[in-house]
There are 2 protein chains.
Amino acid sequence: MLSVTEKGESMERATIYSIASSLGISASTVSRAFSRPDMVKSSVREAVLAKAEEVGYQPNRAARGLATGQTGVFGLLIPDITNPFFPPFVRAVQHAAGQYDSEILLIDSGRSQNAEEDLVRRIRPQVDGLIIASPRLPSGRLKKLLTGIPSVVVNRAVRGLPAVLCDNSTALRQAADHLYQLRHRKFALLRGPSTAWAAVQRARAVREWAEGRTDIEFTELGPIEAQFADGRAAATGVVDSGATAILAFDDLMAAGVIAGLSDLGETVPRDRSIVGCDDVLLAQTMTPSLTTVTAPLTDLGQQAVTTLRAVLAGQPVRDLRLQGELALRGTVAPPRRRRR
Amino acid sequence: MLSVTEKGESMERATIYSIASSLGISASTVSRAFSRPDMVKSSVREAVLAKAEEVGYQPNRAARGLATGQTGVFGLLIPDITNPFFPPFVRAVQHAAGQYDSEILLIDSGRSQNAEEDLVRRIRPQVDGLIIASPRLPSGRLKKLLTGIPSVVVNRAVRGLPAVLCDNSTALRQAADHLYQLRHRKFALLRGPSTAWAAVQRARAVREWAEGRTDIEFTELGPIEAQFADGRAAATGVVDSGATAILAFDDLMAAGVIAGLSDLGETVPRDRSIVGCDDVLLAQTMTPSLTTVTAPLTDLGQQAVTTLRAVLAGQPVRDLRLQGELALRGTVAPPRRRRR
DNA sequence: CCACTACTTGCAATCGCTTGCAGACTAGGC
DNA sequence: GCCTAGTCTGCAAGCGATTGCAAGTAGTGG
């Protein structure tokens, strides 16, 4: 009789009640054995834990969530998982969250501002907090959207919102210096999308560098969407500008430009030099590999989680600014002597 | 007094009760207005919906989950989000799930078998079903792991588990034919990791193709991990084999081989031809672009969700087998006449 | 030997939504 | 005008955890 009951119970998902009754104690004690171990006599606690292990008990998150108002889930909103910038970041976030027994709800907005708004609203009630990477929304709308939900913004600075940023202006200037020292004098900057914060920052860094010198030609092209195809299409503009040194908004765009130049019969770095930004997988796997400015994607992800947890704990948080570094690789060379 | 109460309530998150009381009806009716609209008189339903809109009501998922046993979340387990094969797939899954008002819990196992087991166990209680892509676990363990949770396996066939597969054997043979017609006679096959189902399938397809002919040399190399670095390291083996036509397990490996060949002073496709598999972003963005066999990643993702829903609905499901296609691009050319 | 902490435990309410059941109300058929 | 069959609606009991409060136990000092 008893064995039947036991068997029947073990078929069902175990609950604190099933554990409690099989141990002859109350459910509250079982609950506390997990959530407030120090409140429970150690012998009892061990018995509970052992039993839980035995029957494969796992707390019901929905029930806990209902009682505590916490879901144990973080939302992660990114504009385009297909952009190789994000996968390493997503992985880092996921791993970091896992350390704290939290899971990640992944949302891809497809680079659409409206989707960003809709999706945030949709997942808001299901998550404890939100990590939103490279949002495209104007600051005002973004801020309004994010009020009421603990969140941290990655790769974008918005006054009043906790941020984790990547600052590559120094490295970008180093890249320009490097090209300059190789005797490049004609530079082209390919700007990224105007709604992308990083694009503005990077453009500014390079522009400031350029403004300091009188012995160079400097052309700005764009805004250009951070996609391969757009980069490829931009190649003609680069050729028209006569620039021999190209600073692309990101690696994907750089790869596009290289392809576009190839369409026009040119080879990198023989005919022109180019440097990208972010050091995505692409940059390392293309041949020749791409000279670029690295982004500490893994740190970025970890810090995003750390910061979000601080926000959730009500601790004061300061914006974090991680540095990119110049990675010298195969797409930069001295300019070719040109027929004139 | 009343206004104070109202204000206080509107500050809080709205519930079916707050809506019910402000409308003078019962909470059940409000609940039904959402979950079983046809059971509610249309005038009432509209009033409820209007009020809900007004106060920004969103059902509490935890509460619903507790009552129904459904979370509205699908788990998506992949071995390595960093592998460019997966992002488009993940996006497709996420979008498809969104259509049904479900979200995606993303988990990256880091290509570890043990992690696969641990992570599945960890998220199992939090999701309605599981989509598990390219699992590395042996069939037996996998099957046991997945009993009790509705799941669909992608890119791996396991008897008794619903699967969504990508069959590229035909396209792979076409690729081999194409190389043959260009007069290649020395082939190398770079096998993928032995725990990867796709690797076994692809190797078999190519091997069968090769076994049919007596006028070729055919070398198998591997197993090789599907990473850039491993492909790069494999280049020397390729050169040693003397093969001029290379069939790589996937695009990432192919890119690695190209880089490795470049290290050895060779150029693709001048010195050797190579074809990859999957048509990941990488394949399209490298210069020259990679001849490869496409994988219908978007369809794969959608079908995975469709299949999972069928499983959840208790409908019978049949394994789905989508076809890859040969994409001719820039890394294949006739073999160079070699000094002898 | 009793009162007084300090620990442990159990009771019971609560989180917000779903749903079986029963009652109320409406409308059509005779 | 009465009965029957629908339609709608509300009541109340869950779902499985958490947690404030009170009761019980034990250890300590007077």
Side-chain angles (χ1 to χ4, degrees), chain A residues 9-49 51-52 55-73 101-103 124-128, chain B residues 8-49 51-52 55-73 101-102 124-128:
Chain A
E9 281 181 3
S10 77
M11 295 289 89
E12 300 291 312
R13 208 142 108 51
T15 70
I16 52 170
Y17 295 98
S18 68
I19 292 180
S21 74
S22 78
L23 250 38
I25 60 178
S26 88
S28 350
T29 301
V30 176
S31 171
R32 280 190 275 254
F34 291 104
S35 46
R36 302 253 264 281
D38 48 310
M39 280 184 69
V40 169
K41 204 191 339 180
S42 61
S43 61
V44 176
R45 186 192 330 137
E46 277 155 30
V48 170
L49 264 28
K51 192 75 189 176
V55 300
Y57 167 75
Q58 289 192 275
N60 179 321
R61 293 270 191 156
R64 175 179 297 185
L66 183 54
T68 63
Q70 302 259 289
T71 62
V73 175
D101 209 32
S102 295
E103 313 302 336
R124 181 166 29 189
Q126 311 186 49
V127 300
D128 291 341
Chain B
E9 280 181 3
S10 77
M11 296 290 89
E12 299 292 311
R13 211 144 104 51
T15 69
I16 53 171
Y17 292 99
S18 67
I19 292 180
S21 74
S22 77
L23 249 37
I25 60 180
S26 89
S28 349
T29 302
V30 176
S31 171
R32 280 191 275 255
F34 290 104
S35 46
R36 301 254 265 281
D38 48 309
M39 280 184 70
V40 169
K41 203 185 350 176
S42 60
S43 60
V44 177
R45 187 191 330 136
E46 277 154 30
V48 170
L49 263 29
K51 192 74 189 177
V55 300
Y57 168 75
Q58 289 192 276
N60 178 321
R61 292 269 192 156
R64 176 177 295 184
L66 184 54
T68 63
Q70 302 259 287
T71 61
V73 176
D101 208 33
S102 295
R124 181 166 31 188
Q126 311 186 49
V127 300
D128 292 340

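In what follows, every chain begins at residue 1, and chains take the letters A, B, ... in the order their sequences are listed.
- Sequence neighbours left out, the pairs with a member in residues 58-72 of chain A that pass side chain to side chain donor-acceptor pair (under 3.5 Å) are T71(A)-D128(A).
- Contact annotation: S31(A) side-chain N/O to dT18(D) OP1/OP2 distance is under 4.0 Å.
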For this session: Decide yes or no on side-chain contact (heavy atoms from CB on, under 4.5 Å) for V40(B) and V48(B), but give the supporting numbers first.
Result: CA-CA 10 Å; V40(B) 169; V48(B) 170; 5.9 Å; no

Heteroatom pairs (N/O) under 3.5 angstrom, protein to nucleotides 13-16 of chain D:
residue, atom, partner, partner atom, Å
dC15(D), O2, A67(B), N, 3.3
dG16(D), N2, A63(A), O, 3.2

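- Contacts between chain B and DNA chain C, taken as any atom within less than 4.0 angstrom of a protein heavy atom, begin and end at dG16(C) to dG20(C).
- Note on V30(B): nothing from the nucleic acid sits closer than 4.0 angstrom, heavy atoms only.
- When all heavy atoms are compared, the tightest approach of L49(A) to A33(A) is CD1-O, 4.3 Å.
- Atom OG of residue S26(A) and atom CZ of residue R32(A) lie 6.5 Å apart, to the nearest 0.5 angstrom.
- To the nearest 0.5 Å, atoms CD1 (I19(A)) and CZ (F34(A)) are separated by 5.0 Å.
- When each of T29(B) and F34(A) is assigned the nucleotide of DNA chain D bearing its nearest heavy atom, the one mapping closer to the 5' terminus is T29(B).
- Summarising the geometry, the separation between CG on D38(B) and C1' on dT7(D) is reported as 12 Å, rounded to the nearest angstrom.
- Partners of T15(A) by side chain to side chain donor-acceptor pair (under 3.5 Å), not counting sequence neighbours: none found.
- Residue K41(A) contributes atom NZ, which lies 13 Å from atom C1' of dG27(D) at whole-angstrom precision.
- Shown here are the salt bridge (charged side-chain N to carboxylate O under 4.0 Å, His left out) partners of D38(B), two or more places apart in sequence or in another chain: there are none.
- If you check every strand for non-hydrogen atoms under 4.0 Å, R32(A) touches a base.
- The side chain to side chain donor-acceptor pair (under 3.5 Å) test applied to S102(A) returns no partner, not counting sequence neighbours.
- The CD1-C1' distance, from I19(A) to dA17(D), rounds to 12 Å in whole Å.
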